[in-house]
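Structure first, then comments.
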Amino acid sequence: MLAALSALVTILALAAAVPQAQAASSLPCDVYAAAGTPCVAAHSLVRALYSSYNGSLYQVQRASDSATANIGLLAAGGYANAAAQDSFCSGTTCIITKIYDQSSRHNDLTVEGAGGAGAADVGAPADALPVTVGGHQVYGLEISAGMGYRDNSTSGVATNGGAEGMYMVTSGTHVNGRCCFDYGNAETNNTDTGNGHMDAINFGTECWFSPCYGGGPWVQADLENGLFQSNLGYSTNSSNTGTGAMPFVTALLKNNGQDHFALKYGNAQSGSLTTTYSGGEPTVNGGGYSPMHQEGSIVLGTGGDNSNGSIGSFFEGVMTSGIPTDAADDAVQANIVSVGYGGSTGSTGSLTPGSEISLRATTACCTSDYIRHQNNAAVVSAITSSSSTLDKSDATWIVRRGLASSSCVSFESRNYPGDFLRHSNYKLYRQPMDGTALFRSDATFCPTTGKSGTGTSFASYNYPTRFLRHYNLNLYIASDGGSNDFDSATSWTDDVSWVVSSPWVP
């Protein structure tokens, strides 16, 4: 025990000393092992969770010929080799078919089959969630409704009142109020088998037991037949108003399986963890939660019965044998922060994929206006050095290879990872990529010399005579003359010409 405590102190010191954008020498599962609560499952699309791990992270399958490829690491203990995915999927699309368990338990997750509340799921698009982690361009897992992963035959995962802990890094901006974006312990037959048969982190805006404070999203415990913020179901902590729109969130649950569970969250980009509940098991719904009755399956993206109406993002997560100490949780959070989730891409001001940019209008009226998102819609508004950080972030975009054509570009929101600029009924919005061919086309724009002779114009990929245009402060794909007001020929060439500038928030 003294040796384990000494090792943990060393790990805590290492984690605290790590620079912001570098990986620590001891990674989350090293930390938990040193604390006496080893990982029995370790899943990540973006990085190794053991310093010695050098295997595959996930598997992709391409649409053109159904071939598969395993995506591994650039180096042991390092980051995903996203370039291998890009090469394998070039000229076609890919879905994620397997997420490998980095622990020795081999609890790999595959696309989930039908359950009591949902038809069989489909794999998530492999390129839907580009993100910078540790200074590297990698991909996370973006779940839309009807997507999910599962392993019903696991090794080492807690059953029948066993103690366990778990965390995941997710996103506070890609959420909804549908059931159930979960990661953790679930039933082995994809059906609801009763109270206490699940023990999983839930993250979303669904308030199962009233009252919930604030607008969420909240870290909750899906213990089956309820999303719990306390032993009473509803929140007993009025200060727990949710995480808000954090791009990256650490969500944590631990449960001794008998008479106590705890919930924590943190900003995965900075700071420490906050405990929102620590106390007894639920006493509502007629009981059945003390002791727990876990079955030992692992689920990701759905509820235990494959309730699959939720959306969510997943970057990494682990499950442990036994309850980790608070000190171990703190060390893991420090390591997550040190990784630099969502950091700068290292390139700015150009249309090269990976570059961070802002797009400025060139029309005489509006030369201080930039394309930004506001309440999910794309608009133009004045952005200056005195603008708020939020306004500047909303006006910053990351250039990505065109989702429908690699010879064109797509624009990912800087502060809403996985959300892209796309048109619908000719108007522009910020929306999460769902993997459909329509979305890919709607979110792809082909640059050409500015129609006014200045800057760059962007033709819609699927409406090539229509160009990205501002009109009455809104953003459209517009033709040069037509029946719609926004197709007016007046100042059209100026309105569709943009300056690609350095980003307001790199």
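No donor-acceptor contact under 3.5 angstrom links the side chains of T188 and N152, judged on distance only. Y100 and N70 share a donor-acceptor pair across their side chains, judged by distance under 3.5 Å alone. A donor-acceptor pair shorter than 3.5 Å cannot be found between the side chains of N237 and S235. No hydrogens or angles considered: a donor-acceptor pair under 3.5 Å links the side chains of D30 and S51. Between the side chains of Y58 and Q85, at least one donor-acceptor pair of N or O atoms lies under 3.5 Å.
Two residues are said to be in side-chain contact when any heavy atoms from C-beta on lie closer than 4.5 Å; S155 and V40 fail this criterion. Residues F315 and V138 form no side-chain contact, since every pair of their non-hydrogen atoms from C-beta on lies 4.5 Å or further apart. When side chains are defined from C-beta on, D127 counts as touching R440, because their heavy atoms get closer than 4.5 Å. Taking 4.5 Å as the limit, some side-chain heavy atom of Q102 sits within range of a side-chain heavy atom of L57. Contact annotation: the side chain of T173 never approaches that of D419 to less than 4.5 Å [non-hydrogen atoms, C-beta and beyond]. The closest side-chain heavy-atom distance from W208 to N202 is not below 4.5 Å. Counting heavy atoms from C-beta on, the side chains of F209 and L227 never come closer than 4.5 Å. Side-chain contact between M166 and D199 is present, with heavy atoms from C-beta onward closer than 4.5 Å.
A donor-acceptor pair under 3.5 Å links the side-chain atoms of N306 to the main chain of G113, judged by distance alone. Looking only at distances, a side-chain donor or acceptor of T170 sits under 3.5 Å from a matching main-chain atom of S313. Distance alone, capped at 3.5 Å, places no donor-acceptor pair between the T241 side chain and the G214 backbone. Judged purely by atom type and a 3.5 angstrom limit, S290 has no side-chain atom pairing as donor or acceptor with the backbone of E281. Y213 contributes no side-chain N or O that, together with a main-chain N or O of G216, makes up a donor-acceptor pair within less than 3.5 Å. No donor-acceptor distance shorter than 3.5 angstrom exists from the side chain of N335 to the backbone of L27, with no hydrogens or angles considered. Listed for the T92 side chain is a donor-acceptor partner under 3.5 Å among the backbone atoms of S64. Using modelled atom types, one side-chain atom of T320 and one backbone atom of G165 make a donor-acceptor pair closer than 3.5 Å. Between the side chain of R105 and the main chain of T154, no donor-acceptor pair closer than 3.5 Å is present. Between the N267 side chain and the G271 main chain, no donor and acceptor come within less than 3.5 Å of each other.
Residues meeting the side-chain hydrogen bond (donor to acceptor under 3.5 Å, both in side chains) test with T302, sequence neighbours left out: E112. D329 is linked by a salt bridge (Lys or Arg N to Asp or Glu O under 4.0 Å) to K254, K264, counting only residues two or more places apart in sequence or in another chain. Partners of Q61 according to the side-chain contact (heavy atoms from CB on, under 4.5 Å) rule, which considers only residues two or more places apart in sequence or in another chain, are S66, T68, I95, T97. Residues passing the side-chain contact (heavy atoms from CB on, under 4.5 Å) test with T396, sequence neighbours excluded: S358, R414, P503, W504, V505. Not counting sequence neighbours, the partners of E316 by the salt bridge (Lys or Arg N to Asp or Glu O under 4.0 Å) test are R47. Contacts of E164 classified as salt bridge (Lys or Arg N to Asp or Glu O under 4.0 Å), with partners at least two apart in sequence or in another chain: none. Take R372 and apply the salt bridge (Lys or Arg N to Asp or Glu O under 4.0 Å) test, not counting sequence neighbours, and it matches D391, D394. For the side-chain hydrogen bond (donor to acceptor under 3.5 Å, both in side chains) test, no residue two or more places apart in sequence or in another chain qualifies with N425. Partners of T345 by side-chain contact (heavy atoms from CB on, under 4.5 Å), not counting sequence neighbours, listed by chain and number: T132, Q137, S347, E356, I398. Residues that satisfy the side-chain contact (heavy atoms from CB on, under 4.5 Å) test with T193, not counting sequence neighbours, are E187, N189, T191, H197, E295. A search for ring-ring contact (aromatic ring centres under 6.0 Å, His included) contacts involving W397 returns H373, not counting sequence neighbours. For the side-chain hydrogen bond (donor to acceptor under 3.5 Å, both in side chains) test, residues two or more places apart in sequence or in another chain that qualify with N285 are Y289.
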Query raised in the report: Where do I298 and H43 land on the side chain to side chain contact (heavy atoms under 4.5 Å, CB included) test, with the steps shown first?
Result: CA-CA 11 Å; I298 303 175; H43 303 106; 4.2 Å; yes

**Report entry** Derivation of the side chain to side chain contact (heavy atoms under 4.5 Å, CB included) call for W218 and L263
**Finding:** CA-CA 10 Å; W218 302 278; L263 295 165; over 6 Å; no

Requested in this report: Tell me, with the steps shown, if Y265 and F203 meet side chain to side chain contact (heavy atoms under 4.5 Å, CB included).
Outcome: CA-CA 10 Å; Y265 77 88; F203 190 71; over 6 Å; no

Requested in this report: Given side chain to side chain contact (heavy atoms under 4.5 Å, CB included), test T283 with L232 step by step and report yes or no.
Outcome: CA-CA 6 Å; T283 56; L232 300 178; 3.9 Å; yes

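Listed here is the closest heavy atom pair of I311 and S144: CG2-CA, 3.9 Å. What you find for G244 and P217 is that their closest heavy atoms are O-CD, 3.7 Å. Taking both residues in full, the closest heavy atoms of Q229 and N240 are given as OE1-ND2, 3.2 Å, listed atom of the first, atom of the second, then distance. Closest approach of H174 to S171, counting heavy atoms only: N-OG, 3.6 Å. G342 and F248 get closest at one heavy-atom pair: CA-CE1, 3.5 Å. Nearest heavy atoms, M433 versus L403: CG-CD1, 3.7 Å.
Considering OG of S230 and CZ of F261, their distance stands at 6.5 Å, rounded to 0.5 Å. The CG atom of D121 sits 10.5 Å away from the CG atom of L300 when rounded to the nearest 0.5 Å. Rounded to the nearest 0.5 Å, atoms OG (S270) and CD (Q333) are 8.5 Å apart. A distance of 7.5 Å separates NZ of K98 from OG1 of T110, quoted to the nearest 0.5 Å. Annotation: the span from S410 atom OG to R400 atom CZ amounts to 10.5 Å, rounded to 0.5 Å. In this structure, I99 CD1 and Q59 CD are separated by 11.0 Å, a value rounded to the nearest 0.5 Å.
A salt bridge links D86 to R401: one of the charged nitrogens lies within less than 4.0 Å of a carboxylate oxygen.
Shown here is D65, whose CG atom has more than 12 heavy atoms of other residues, nucleotides or ligands within 6.0 Å.
Aromatic ring pairs are classed by plane angle as parallel below 30°, tilted from 30° to 60° and perpendicular above 60°; the pair Y183 and F314 is tilted.
Under the 6.0 Å distance and 45° angle rule, R430 counts as a cation-pi partner of Y416.
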